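Note that these values count all heavy atoms, side chains included, but never hydrogens, waters or copies made by symmetry. Just so it is clear, the model here is predicted, and its values are computed rather than measured.
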Amino acid sequence: MADVTPAGTAAASTAVASTAVAGTAAAGSAAVELAGWGWPEVRALGGGAADPFEVGGLPLVWRPKDRHFGVRRDGRVVAHAGLVPVPVEVGGRRFEVAGVGGVIVDPQWRGHGLARIAVAGVLDAARVDGLDLALLFCLPDRAPLYARLGWTALPDPVTADQPDGPVPMPIGAMWTAVTAGSRWPDGGPVRLHSLPM
C-alpha cells in the first residue's frame with residue numbers, strides 16, 4: 001500500500017525503494033512518492049471521513065491523482081499531496097501544468113508544516129517532469145495556508161470539464177511557480193481542459 005518510488009519515475013506498485021524526493025529535506029523531513037496509493041488510503045489519512053476535503057456538497061466530479069507523495073512519521077504516512085499533469089488554456093495559449101490536489105494531514109499531525117513538505121514533494125516531481133507552473137483548487141478557508149506557501153489566487157473563476165460539459169468552478173483556484181522565474185500568463189480567464197483535481 002505505501003511503497004515508495006523516486007520522483008520522476010513511474011509509480012509501479014511493485015516498487016519498494018525508499019527514496020526521498022530531492023529538495024524537500026527540512027530538519028530530517030522529506031516527501032516520498034507513494035506507489036499503490038489512491039482514494040482509500042487518502043480517505044483513511046483523513047480519519048476515514050466520507051468527505052475529508054469538505055467538497056461533497058459541490059456538484060463536481062474530481063479527477064484522481066496520477067502520483068501520490070507523503071510524509072512519514074512514526075513509520076506511517078501522516079501527510080499527503082497528489083499530482084496530475086493537466087492541460088489549461090489562457091488567452092488562447094494551451095499548456096500543461098502540475099495539478100495539485102488531495103492535500104491532507106492526519107488530524108493529530110496538523111500544525112507541524114507537513115502539508116508544506118508534501119506539496120514540496122509534488123512540486124519537485126513536477127519540476128523533474130518539465131512543468132513550470134502548478135494549479136490547485138481550494139475552499140476559501142484554506143487559501144491563507146496556500147498563500148503562506150507561496151501560492152497566488154487567480155482573479156477569475158476557472159472553467160473546468162465535467163461529464164456534461166465545461167462549468168465555472170464554484171471554489172477558488174491558486175497557482176505557484178514550479179521553476180524559478182515562471183509566471184502565470186496574462187490573458188484572461190483560465191480554461192482547465194480536464195476534470196478538476
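- Scanning for side-chain hydrogen bond (donor to acceptor under 3.5 Å, both in side chains) contacts around Ser182 gives Thr179, with sequence neighbours left out.
- Within the 4.5 Å cutoff, the side chain of Thr176 has no heavy atoms near those of the Thr152 side chain.
- Listed by chain and number, the residues in a side-chain hydrogen bond (donor to acceptor under 3.5 Å, both in side chains) with Arg76 are Asp106 (sequence neighbours excluded).
- For the pair Asp132 and Arg183, the salt-bridge criterion is not met [side-chain N within less than 4.0 Å of a carboxylate O].
- In this structure, Arg93 forms a cation-pi arrangement with Phe95, its terminal cationic atom sitting closer than 6.0 Å to the ring centre and no more than 45° off the ring axis.
- Proximity of Trp184 to Val190: side-chain heavy atoms (C-beta onward) are separated by under 4.5 Å at one or more points.
- For residues 162-177, the set of pairs meeting the salt bridge (Lys or Arg N to Asp or Glu O under 4.0 Å) definition, not counting sequence neighbours, is empty.
- Contact detail for Phe137 and Pro196: the closest heavy-atom pair is CE1-CB, 3.9 Å.
- The main-chain N or O of Val178 is found under 3.5 Å from a side-chain atom of Arg127 such that the two form a donor-acceptor pair.
- A pairwise comparison of heavy atoms in Ala143 and Met174 identifies O-CE, 3.7 Å as the closest pair.
- Across all their heavy atoms, His80 and Ala118 have their closest contact at C-CB, 3.9 Å.
- Partners of Arg43 according to the side-chain hydrogen bond (donor to acceptor under 3.5 Å, both in side chains) rule, which considers only residues two or more places apart in sequence or in another chain, do not exist here.
- Annotation: side chain of Glu54 is in contact with side chain of Arg142 (closest heavy-atom distance under 4.5 Å).
- Scanning for salt bridge (charged side-chain N to carboxylate O under 4.0 Å, His left out) contacts around Arg191 gives Asp161, with sequence neighbours left out.
- In plain terms, the two heavy atoms of Pro185 and Val90 that are nearest each other are O-CG1, 3.6 Å.
- Within 6.0 Å of atom CG in Asp156, more than 12 heavy atoms from other residues, nucleotides or ligands are found, so the atom counts as buried in its surroundings.
- Residues Pro189 and Pro157 have side chains not in contact (no heavy-atom distance under 4.5 Å, counting atoms from C-beta outward).
- With sequence neighbours excluded, the residues satisfying side-chain hydrogen bond (donor to acceptor under 3.5 Å, both in side chains) with His193 are Glu89.
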